[in-house]
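What follows is a short report on a single structure.
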Amino acid sequence: MILTIAGRELRSLFLSPLAWVVMAVVQALCGYFFLLYVDIYLQLVPRIGAIADAPGITAMVVAPLFSTAAIVLLLVTPLLTMRLISEERQKQTLPLLLSAPVSMTEIILGKFTGVFVFELLMLLLIAAMPLSLLSGAELDLGLWAAGVLGMVLIVASFCSIGLLMSTLTAQPTVAAVAGFGVLLLLWVLNTAGDSGNELFAYLSLLSHYQPMLRGLVDSTDIIYYLIICLTCLMFSIRQLHVRNGTQ
Amino acid sequence: MTRDILINVDTLSRHYGSQRAVDGISFELRRGEVLGFLGPNGAGKSTTMRMITGNLAPSHGRITINGIDILDRPKAAKAHIGFLPEQPPLYCEFTVDEYLRYCARLHRITRHQLAGALDVARQRCGLGDVGGRLIGNLSKGYQQRVGIAQAIIHNPAVVVLDEPTVGLDPNQIREIRALIRELGNEHGVILSTHILPEVQATCDRVQIINNGQLVLSDDIAALSRQAQTSSLLLRLRRAPDASALLHIPHVEAADALDDGRWRIHHPPGKSPAAALAEHAVNQGWGLEELTPEQRSLEDIFMEITSRDASSQMTPEAA
């Protein structure tokens with residue numbers, strides 16, 4: 001049932017120009033940054049080549065690319081998640097789901113899966129970019145894999161936060177702006193941490209992402225993202241119940 | 001035919017803040033019955049429909065669908081319901097077939113039953129030749145039919161239709177009404193409307209709801225009896241005195257109307273029409289018109305809803 005709802009969500013996405021434009025823009029931006037980082041690396045190689053223990057091509061290209069990709073995805077994810085529930089409410093199609101023998105949990109998980117699978121497709125293309133370097137250089141595939149895992153986790157939390165915002169309003173644009181605001185705030189929280197507040201730094205989405213880009217996969221970081229996802233999904237389910245009056 | 005009870009609604013209420021949209025409604029729906037839900041705008045019709053179909057939780061009361069409580073086991077209960085809300089829940093970017101296939105899968109129709117279910121629903125709703133077209137490009141009438149197809153694709157025991165003929169042309173209205181009658185043969189149908197002839201044309205039983213309360217629940221036959229005449233309209237070329245008319249048996253009163261006609265009141269079921277005609281001929285009154293006056297369902301509706309409104313001065317809306 002979750003897959004049925006997710007399938008419809010994906011289908012609707014691909015039937016709208018929005019999904020294609022988002023994919024194209026993300027791809028173009030990431031492609032540009034990829035080439036830029038490769039270029040910087042090539043300029044630096046003669047100088048850092050002599051230093052022992054110098055950062056390799058993976059650390060110099062893959063890590064910055066994935067870091068930039070996360071920012072690009074932060075910008076576009078609210079646009080993809082905004083319609084999930086609010087559009088159904090705005091166009092009054094929600095009764096179809098509510099009168100079908102489907103639980104609220106299945107509705108939310110289906111919606112989440114649909115948009116998450118779409119984001120995974122974008123990630124697949126971004127993750128494949130540095131692999132093209134394999135034809136002429138050696139990559140640290142462990143570092144690459146840690147970065148991909150980080151991207152998957154951070155994008156999952158983007159999606160769940162966007163979904164929660166979408167359950168709160170019947171206006172997709174409001175959901176997009178709210179989702180964008182929350183994501184950006186969580187992203188930059190760690191800059192407040194520089195002035196001494198450890199708690200804010202700890203809550204920041206970014207501070208749990210950076211270790212993975214350095215190849216450090218810590219279970220606390222993984223759990224942090226899983227907690228964000230689960231919390232947002234649970235609040236979304238609850239929000240549907242509240243709207244329905246079954247609370 | 002087994003007349004098993006499909007829906008049992010027990011003292012159902014819904015409050016929005018201090019406002020009572022629906023206030024203590026109880027009724028039943030049996031298989032093979034088309035129940036007309038009638039009421040002025042804002043009387044609580046849509047709220048009731050949404051509660052029956054699990055789109056809105058009641059503040060008080062119980063709803064059982066086919067014996068299953070919709071609050072205790074929502075998934076099991078909803079499997080027996082097909083619902084067409086006031087605004088059909090259509091995805092405009094889908095084709096009719098894609099959309100109906102999705103609806104069928106939401107209702108857990110297995111893959112190999114799907115093609116059959118799709119064919120039946122399309123054929124019953126007259127959607128045979130538009131299966132490949134985008135829903136957004138269809139006319140309002142066709143969209144409404146897709147909405148009904150969506151409600152019956154899983155062959156539910158109960159079909160709930162909220163104002164299904166709004167915005168349709170007369171031909172389409174006739175087709176949809178025929179479809180509703182047909183559905184009423186094997187399913188239980190609840191039809192909400194504020195169009196009175198629609199109820200007379202399609203329903204077995206009528207419930208009138210006003211200010212969130214049931215003010216009338218009766219079958220159409222009984223209602224028609226209630227609508228029966230207790231007066232005649234009479235036009236005579238050479239009218240006698242009223243006293244001459246009053247001498248005729250069963251005539252209780254004779255009022256002269258402005259247009260030269262008389263309204264003759266009589267006890268219900270005892271029409272003096274034959275006697276009147278006889279007298280008119282014998283005494284040369286020149287009988288021109290003699291018509292039993294029908295009270296329409298509309299009159300009864302007006303009477304009930306306005307009576308209720310005057311006794312209950314608080315304005316309420318749903």
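Per chain, numbering begins at 1; letters A, B, ... match sequence-line order. Just so you know, these numbers use all the heavy atoms, side chains as well, and skip hydrogens, waters and symmetry mates.
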Inset, instruction - Please test A:Val102 against B:Lys75 for side-chain contact (heavy atoms from CB on, under 4.5 Å), starting from the C-alpha separation and ending with a verdict. - result: CA-CA 6 Å; A:Val102 183; B:Lys75 275 165 88 170; 6.0 Å; no
Legend entry - B:Pro85 versus chain A, the contacting section by heavy-atom distance below 4.5 Å: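 Contact with chain A: side chain only.
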Inset, instruction - Give, as side chain, backbone, both or neither, the part of B:Arg50 having an atom under 4.5 angstrom from any heavy atom of chain A. - result: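 Contact with chain A: none, neither part.
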Inset, instruction - Give me the contact list for residues 86-111 of chain B versus chain A, heavy atoms only, anything under 4.5 Å, ordered by residue number. - result: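 At a heavy-atom separation under 4.5 Å, chain A is reached by B:Gln87, B:Pro89, B:Leu90, B:Tyr91, B:Glu93, B:Phe94, B:Glu98, B:Tyr99, B:Tyr102, B:Cys103, B:Arg105, B:Leu106, B:His107, B:Arg108.
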Legend entry - Residues of residues 112-144 of chain B with any heavy atom under 4.5 Å of a heavy atom in chain A: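 Under the 4.5 Å heavy-atom cut-off, nothing qualifies.
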Legend entry - A:Lys91 NZ: over 12 foreign heavy atoms closer than 6.0 Å: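 Result for NZ/A:Lys91: open.
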Legend entry - Contact origin within A:Glu106 toward chain B - heavy atom pairs under 4.5 Å: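 Interface part for A:Glu106: side chain.
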Legend entry - Top contributor to chain A contacts, counting heavy-atom pairs under 4.5 Å, from B:Pro58, B:Ala151, B:Ala79, B:Gly147: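 When all of B:Pro58, B:Ala151, B:Ala79, B:Gly147 are compared, B:Ala79 has the most.
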Side-chain donor-acceptor distances from residues 155-164 of chain B under 3.5 Å, at least two apart:
| from | atom 1 | to | atom 2 | distance (Å) |
| --- | --- | --- | --- | --- |
| B:Asp162 | OD1 | B:Ser192 | OG | 2.7 |
| B:Asp162 | OD2 | B:Ser46 | OG | 2.9 |
| B:Glu163 | OE2 | B:His194 | ND1 | 3.3 |

Legend entry - Smallest separation among heavy atoms of B:Asn55 and A:Pro95, with atom names: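 Smallest heavy-atom distance, with atoms named: OD1-CA, 3.1 Å.
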Inset, instruction - Please list, in residue-number order, every residue in residues 1-19 of chain A that has a heavy atom less than 4.5 Å from any heavy atom of chain B; write 'none' if there are none. - result: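 At a heavy-atom separation under 4.5 Å, chain B is reached by A:Met1, A:Thr4, A:Ile5, A:Arg8, A:Arg11, A:Ser12, A:Leu15.
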